[in-house]
Amino acid sequence: MTRPGAPEDPLLAEAGDWSATIGAAQDELIRTAPESVLIIQGGPGTGKTDTALRRVAWLLDEPEYGLGATEVLVVGPSHAFARRTRALLESWGHEGVAHSSIDGLLPKAVTGRPEAPHVTRLKGEARMAGLIGRAIEKHRARQRAIPPVLTIRGRAVRLDPATVERVITTAKASEATAGDRRRLLRAALVAGTQDPRLILDAADMLADRLWPEFEATTFLSELFASRLMLTAAAEGEFTDREIDALFRGTDEEPPFSEADLPLLDEAEHVSGIEPQTYEHVVVDEAQDLSPMQLRALSRRSANGSLTVIGDMAQSTGPWARDDWHDVLAHLPSEMPHVHRELHFGYRIPRQIFELAAELLPTAAPSVQPPTTVRDGPADPVIAPVEPAGRAAVVVAAAADHAADGRSVAVICPARCRDEIEAALRSEDLPWGTAPGDERGPAITLLSPHEAKGLEFDAAIVVEPGFIVDDDPRGHRLLYTALTRATGHLHLVGASEDLPADFGTQPAEPAVDLAPAPVAAAPLPPEALPMPDDPVLREQIDMVAQSLAETLLANLTPELWPVALDRLIELISPDP
Ligand SMILES: Nc1ncnc2c1ncn2[C@@H]1O[C@H](COP(=O)(O)OP(=O)(O)OP(=O)(O)O)[C@@H](O)[C@H]1O
């Protein structure tokens with residue numbers, strides 16, 4: 001994302017087109033046949049998103065698969081992310097693919113309703129699908145009750161219940177459309193009457209009552225406004241406390257929260273309104289999605305051909321997880337699963353990753369950190385500040401990077417947002433809330449959640465201590481925030497929340513960034529010097545990367561020296 005006018009920076013330049021450096025592991029994933037569910041796990045910046053998009057490009061280019069661009073859907077966590085994936089695929093000449101945030105796929109509704117975290121979590125559970133299904137069934141049964149008499153223009157029209165029942169049964173058995181059902185009812189009632197106009201009007205009125213157009217938003221509002229309907233649909237699968245949590249009566253708040261959107265999708269599905277489906281679906285940052293979101297995604301897949309991407313060390317929010325089982329359980333597919341891990345960190349320079357990796361033992365102890373493949377242009381800048389001076393330091397750093405032509409993320413917790421916005425305004429610095437194209441503002445202001453999956457030349461992370469404190473998985477969120485930069489990282493905040501190892505010394509040793517060694521691969525007995533020729537060095541690097549990926553993917557660390565010995569044996573000329 002280097003901006004026009006930026007200095008020549010070979011480290012950053014290489015990020016755009018890496019066709020020359022595709023590792024063996026990435027290449028294998030890119031060429032995975034479409035009849036599979038490909039699951040790509042990997043640390044930040046290991047190329048998961050790019051690899052998945054290259055898989056899409058490959059599937060589109062292979063005539064054997066005959067896949068059209070409009071048959072592919074790429075889903076990510078945010079609108080900004082969807083812009084990034086669209087820009088990348090289009091830069092490779094693939095237009096027409098659908099790119100969307102998860103919410104952008106779901107039915108439209110006015111959201112913004114505040115909600116307690118335990119309610120959000122409950123609404124994401126898969127058993128909500130059962131509740132919605134039963135509520136709709138009961139709703140329909142009420143609508144199906146046939147009134148004995150209808151009043152049309154002041155005249156009573158008596159209906160023959162047997163005739164109406166017959167029409168309902170025929171319409172259901174033949175899966176008749178709304179129009180056909182109405183015509184069937186008109187024909188059945190009008191036969192042999194003296195006043196056909198009156199009867200036809202009565203037939204239309206009855207059709208509206210029997211088969212009203214389904215409005216998922218109206219249905220869900222009615223369901224959540226009625227303790228009676230909720231209890232009836234719960235059928236013992238929800239406790240009274242849970243029903244209380246779902247019940248919201250009728251009030252003035254915005255009607256829906258974001259957790260309601262997958263419920264609206266479920267309601268539409270149960271009532272027969274089906275979304276557009278795709279021959280291949282890519283789901284990025286899948287580690288955070290609720291079961292109800294995953295069900296909604298699954299409905300968009302025509303055949304179960306999927307690429308599912310994520311990193312358990314970055315899993316946060318109400319559905320933070322430690323493994324893939326739960327995600328995959330809600331994305332059923334008959335196709336074989338191919339589960340792979342990427343190990344090389346291409347985005348984040350060594351100096352930045354060393355700092356971020358200090359969080360891993362707390363954030364995700366079972367996750368092995370990626371191996372960084374390059375050095376960065378600068379060490380991270382650690383800036384201890386008093387609250388009063390915080391915004392000025394952040395904005396000065398952002399302005400410097402922007403003036404040098406870099407894209408800049410200011411990643412800040414909610415409680416500092418207003419002061420940062422005010423400081424940006426008072427310095428007259430243009431900024432946006434989603435990374436722009438090359439003509440957009442260089443500075444993007446983001447919450448740690450919004451920063452997921454994005455990358456910038458420089459990142460300024462504000463008050464790391466607040467980021468940790470404000471979320472049950474705060475260490476993971478901070479890890480995500482620290483791993484957005486391809487070149488420069490600044491940490492600005494209270495000295496007790498900053499790591500002691502770099503730059504200006506804080507007064508106290510670090511609290512939240514507990515230092516811990518990064519799991520190290522066994523070293524070869526003696527390192528031989530690298531040749532001076534840069535071309536040769538790059539070739540050696542690529543071969544070494546490819547071999548390393550094969551080792552990492554197939555053998556446990558204690559067997560690596562054995563395999564290397566065997567390799568030397570195999571390639572050594574016979575004596
Ligand atoms: N083989 C490679 N050689 C050079 N650069 C690469 C390679 N693979 C990926 N990259 C670059 O590394 C950067 C990070 O890639 P990407 O965004 O796909 O990572 P990610 O694993 O999805 O990260 P995150 O978990 O943070 O979302 C991108 O700029 C991408 O172009």
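Whatever order the structure lists them in is the order used to number ligands and atoms, beginning at 1. Note that this is a predicted model, so its numbers are computed, not measured. Basis for what follows: all heavy atoms, side chains included, without hydrogens, waters or symmetry-related copies.
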_Using a 4.0 Å cutoff against the non-hydrogen atoms of Gly453, which atoms of ligand 1 qualify?_
27 (O)
_If you take the nearest heavy atom of each of Lys48, Gln314, Gln26, which one is closest to atom 20 (P) of ligand 1?_
Lys48
*ligand 1 contacted by Gly310 (non-hydrogen, < 4.0 Å)*: no
*Quick one: do Asp471 and Arg476 make a salt bridge, cutoff under 4.0 Å?*
no
*salt_bridge(Arg415, Asp470) N-O dist < 4.0 Å*: yes
*Under a heavy-atom criterion of less than 4.0 Å, does Thr46 contact ligand 1?*
yes
_Lys/Arg-Asp/Glu bridge criterion (N-O < 4.0 Å) met for Glu115, Lys123_ = yes
*Short N/O distance, under 3.5 Å, between Pro44 and ligand 1?*
no
*Distance-minimising heavy-atom pair for Ser301 and Ser305*: OG-N, 3.9 Å
*asked:* Using heavy atoms and a 4.0 Å limit, tell me yes or no: is Arg484 in contact with ligand 1?
replied: yes
*Between Phe81, Tyr479, Tyr346, Phe344, flag the one that comes closest to atom 11 (C) of ligand 1 by a heavy atom.*
Tyr346
*With heavy atoms only and a cut-off of under 4.0 Å, state how Glu285 meets ligand 1: side chain, backbone, both or neither.*
side chain
*Within the side chain of Thr444, is there an N or O that forms a donor-acceptor pair under 3.5 Å with the backbone of Gly432?*
no
*Less than 4.5 Å apart, any side-chain heavy atom of Pro44 and any of Phe353?*
yes
*With a cut-off of 4.0 Å, which atoms of ligand 1 are near a heavy atom of Glu455?*
13 (C), 14 (C), 28 (C), 29 (O)
*Gln287, portion touching ligand 1 at heavy-atom distance under 4.0 Å*: neither
*From atom 17 (O) of ligand 1, work out which of Gln41, Arg374, Arg84 has a heavy atom at the shortest distance.*
Arg84
_Is there a polar contact between ligand 1 and Gly45, counting only N or O atoms under 3.5 Å apart?_
yes
_Nitrogen or oxygen of Thr49 less than 3.5 angstrom from that of ligand 1_ = yes
*Ion pair Asp50/Arg54, N-O distance below 4.0 Å*: no
*Look at Glu285 together with Lys452 and state whether they make a salt bridge at an N to O cut-off of under 4.0 Å.*
no
*Should Arg299 and Asp265 count as an ion pair when the cut-off is N to O under 4.0 Å?*
yes
*Tell me which part of Asp50 gets within contact of ligand 1: side chain, backbone, both or neither, using heavy atoms under 4.0 Å.*
both
